[in-house]
Asker: 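One structure, pasted below without further comment.
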Amino acid sequence: MKPNREKQVIALVDCNNFYVSCERVFNPALEGKPVIVLSNNDGCVVARSNEVKKLGVIMGTPAFKYRDLIKKYGIGVFSSNYALYGDMSQRVMETLAQFTPEMEVYSIDEAFLSLTGFNNLNRTEYARHIRSTIHKWTGIPVSIGIGSSKTLAKVANKIAKKNPEYDGVFDITEDPGIDNILASLDVSDIWGIGDQYAKFLNRHGICTVLQLKNADDEFIRDNMTVVGLRIVHELRGVSCIPLEMVHSPRKGIVSSRSFGRSVKTLAELRESVADYMAAAAERLRGQKSVASFVHVFIATNRFKNEPQYSNFITQRLPVPTASTQDLIKYALSNLLKIYRPGYRYKKAGVMLTGIMPDNQAQLDLFTPFKYRANRKIIMGAMDEINNRWGSDTVQIAAAGIGQLWQMRQSRKTPRFTTQWGELPVVH
DNA sequence: TCTGGGGTCCTAGGACCC
DNA sequence: TCTGGGGTCCTAGGACCC
């Protein structure tokens with residue numbers, strides 16, 4: 001730790017009900033109406049408008065449980081449209097980047113901005129300006145919290161969201177009433193305190209955030225590891241979780257999906273596994289890496305009262321690779337080893353690990369150079385075409401073309417911003 | 001009928017080596 | 001009879017995030 005470090009000032013910008021807001025940008029009639037967005041397969045509620053939150057709809061609950069409520073209140077229901085949300089996210093982040101040289105894109109709908117050293121300006125005013133610019137340029141409403149650590153910026157953001165009178169911006173830095181605010185919040189409201197830790201802390205008489213801030217370091221360290229201790233220090237205004245401005249490459253890449261209906265045959269499982277592997281390999285090449293291990297898993301529907309089977313298999317590859325063809329070949333031969341007939345499968349997936357930069361991988365003496373070079377050229381061409389004309393323009397034949405197992409997405413809006421054929425029409 | 005998908009970090013304990 | 005100590009690497013499992 002460097003002593004006398006400059007006091008950090010961090011803003012957390014968080015898009016309000018992001019997926020719902022994206023849908024509203026292209027369908028303004030949804031403004032002020034109750035709206036939800038569902039997870040893949042139209043399974044669970046993953047985004048809720050404020051109107052829906054007020055009705056008591058809980059995040060992550062299976063949508064069918066709200067069938068009556070949806071009908072009664074005329075709730076607008078949408079399948080998730082990740083192509084649209086990803087593109088809107090990029091627009092928001094590009095806009096934010098103009099307001100600070102140091103920024104971390106934390107998730108699809110959140111970013112930390114460093115305001116350290118911005119001493120001569122009224123931070124609240126500046127944040128309001130950021131907020132209105134984002135709204136004007138992208139149509140997305142955001143909330144901004146400012147604090148002297150990431151954890152406190154998160155706290156401030158929560159307060160900004162909860163209290164409409166703050167107009168979407170709250171600065172908790174050097175607020176003399178900070179302890180009163182912390183005393184009014186539950187430990188489970190804190191970033192990094194999940195269900196298990198919240199229960200544990202409650203059992204030991206630590207219920208409010210202020211109590212956590214004043215907790216004994218050794219007790220926290222012993223029971224919540226250094227991760228917990230960092231949180232406590234952050235609450236005290238000591239920044240311990242640095243801004244990560246460069247995106248480090250993924251250490252594992254997972255691609256998996258539940259099926260739209262149950263699947264019994266090996267042929268269909270092969271199609272899905274090949275399809276998921278193609279997606280995983282594309283992401284792998286996107287970060288200029290190769291993988292050394294392939295994992296494959298399949299599972300039946302655990303919510304159903306019927307014979308259950310699930311299995312997982314790992315193979316170390318003879319040579320690390322990013323070639324879709326090779327990775328599919330390994331995945332399919334492993335699938336064959338774990339497949340058992342006679343079950344109704346609900347989910348399959350693949351994972352790539354042992355990931356390293358592609359210029360660091362050990363070469364295999366037995367694979368002719370020409371063969372490897374060809375693979376690279378083919379993959380490069382495939383990625384380029386799919387980038388330009390939309391994913392799935394070129395596919396590997398093993399992924400099949402019927403794809404009856406595909407997930408359900410009965411209420412998906414068009415990919416307005418990423419597919420030429422789905423551009424919105426102005427009348 | 002209907003229950004998502006993709007990540008991170010930390011620790012304890014075992015295997016192995018000298 | 002007596003059975004070391006220190007180090008590294010890997011893995012599984014548990015916690016968390018959006």
Side-chain angles (χ1 to χ4, degrees), chain A residues 12-19 36-48 58-68 70 77-82 85-86 89 104-112 150-151 154 157 187-201 220-231 240-242 244 247-262 272 276 279-280 283-284 287 292-293 295 297 299-306 312 314 316 344 346-355 407-411:
Chain A
L12 172 66
V13 181
D14 185 326
C15 301
N16 300 345
N17 315 326
F18 184 53
Y19 299 167
I36 57 176
V37 177
L38 305 181
S39 63
N40 276 331
N41 247 322
D42 293 345
C44 298
V45 177
V46 293
R48 307 159 295 162
I58 296 164
M59 187 76 167
T61 311
F64 69 84
K65 291 192 174 169
Y66 292 121
R67 203 177 19 201
D68 294 343
I70 287 167
V77 180
F78 295 88
S79 302
S80 40
N81 185 344
Y82 289 105
Y85 310 153
S89 171
E104 170 184 347
V105 176
Y106 177 67
S107 74
I108 193 164
D109 69 334
E110 278 174 73
F112 290 103
K150 282 182 166 179
T151 305
K154 278 267 193 184
N157 189 283
V187 279
S188 62
D189 288 337
I190 292 296
W191 185 45
I193 306 293
D195 270 9
Q196 300 304 309
Y197 282 153
K199 267 189 223 152
F200 168 80
L201 289 168
I220 296 294
R221 161 76 242 233
D222 288 351
N223 294 286
M224 296 169 67
T225 80
V226 297
V227 178
L229 193 56
R230 272 202 286 263
I231 294 170
C240 313
I241 308 173
E244 300 195 8
H247 235 44
S248 37
R250 305 262 169 247
K251 294 168 182 167
I253 293 174
V254 176
S255 178
S256 75
R257 237 29 111 233
S258 296
F259 303 128
R261 58 171 176 75
S262 56
S272 66
Y276 305 155
R283 265 183 275 156
L284 184 66
Q287 63 172 37
S292 330
F293 292 88
H295 317 253
F297 58 92
T300 50
N301 189 343
R302 67 182 195 281
F303 296 103
K304 276 203 165 145
N305 186 18
E306 59 185 34
F312 180 88
T314 296
R316 175 193 272 276
R344 291 151 55 86
K346 181 60 179 173
K347 186 172 184 174
V350 300
M351 183 160 49
L352 298 171
T353 61
I355 289 174
M407 62 183 175
R408 273 188 303 271
Q409 285 192 307
S410 59
R411 298 159 178 277

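Side-chain atoms are counted along with the backbone in the values below, which use heavy atoms only and exclude waters and symmetry mates.
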Asker: For A:R344, check salt bridge (Lys or Arg N to Asp or Glu O under 4.0 Å) against everything at least two apart and list the hits.
Answerer: A:E306
Asker: Mind checking what makes side-chain hydrogen bond (donor to acceptor under 3.5 Å, both in side chains) contact with A:T61, not counting sequence neighbours?
Answerer: none
Asker: With sequence neighbours left out, write down each residue that passes side chain to side chain contact (heavy atoms under 4.5 Å, CB included) with A:R230, or none if nothing qualifies.
Answerer: A:V226, A:V227, A:C240, A:I241
Asker: Who passes side-chain hydrogen bond (donor to acceptor under 3.5 Å, both in side chains) against A:S256, sequence neighbours left out?
Answerer: none
Asker: Taking only side-chain N and O atoms of A:K304, does any of them lie within less than 4.0 angstrom of OP1 or OP2 on B:dC2?
Answerer: yes
Asker: If a pair means Watson-Crick or G-U wobble with both distances below 3.5 Å, what does DNA chain B look like in dot-bracket form, with | marking bases paired to a different strand?
Answerer: ....||||||||||||||
Asker: Would you say A:R261 has more than 12 foreign heavy atoms packed within less than 6.0 Å of its CZ?
Answerer: yes
Asker: Can you give one letter per nucleotide of nucleotides 10-18 of chain C, going 5' to 3': B for a protein heavy atom under 4.0 Å from the base, S for sugar-phosphate only, - for none?
Answerer: -----SSSS
Asker: Nucleotide by nucleotide, 5' to 3', does protein get under 4.0 Å of the base (B), only the sugar-phosphate (S), or neither (-) in nucleotides 3-8 of chain B, counting heavy atoms?
Answerer: BSSSSS
Asker: For B:dC16 versus C:dG4, give the span between their C1' atoms, rounded off to a whole number of Å.
Answerer: 16 Å
Asker: Quick one: side chain to side chain contact (heavy atoms under 4.5 Å, CB included) partners of A:P242, sequence neighbours excluded?
Answerer: none
Asker: Who are the side-chain hydrogen bond (donor to acceptor under 3.5 Å, both in side chains) partners of A:S89, not counting sequence neighbours?
Answerer: none
Asker: Mind checking side chain to side chain contact (heavy atoms under 4.5 Å, CB included) for A:R283 and listing every partner two or more places apart, or none if nothing turns up?
Answerer: A:I253, A:S255
Asker: Within this structure, what is the CZ-to-P distance between A:R67 and B:dC2, rounded to whole angstrom?
Answerer: 11 Å
Asker: Please list, chain by chain and in numerical order, all residues satisfying side chain to side chain contact (heavy atoms under 4.5 Å, CB included) with A:Q196, sequence neighbours excluded.
Answerer: A:K199
Asker: Which residues pass the side-chain hydrogen bond (donor to acceptor under 3.5 Å, both in side chains) test with A:R221, sequence neighbours left out?
Answerer: none
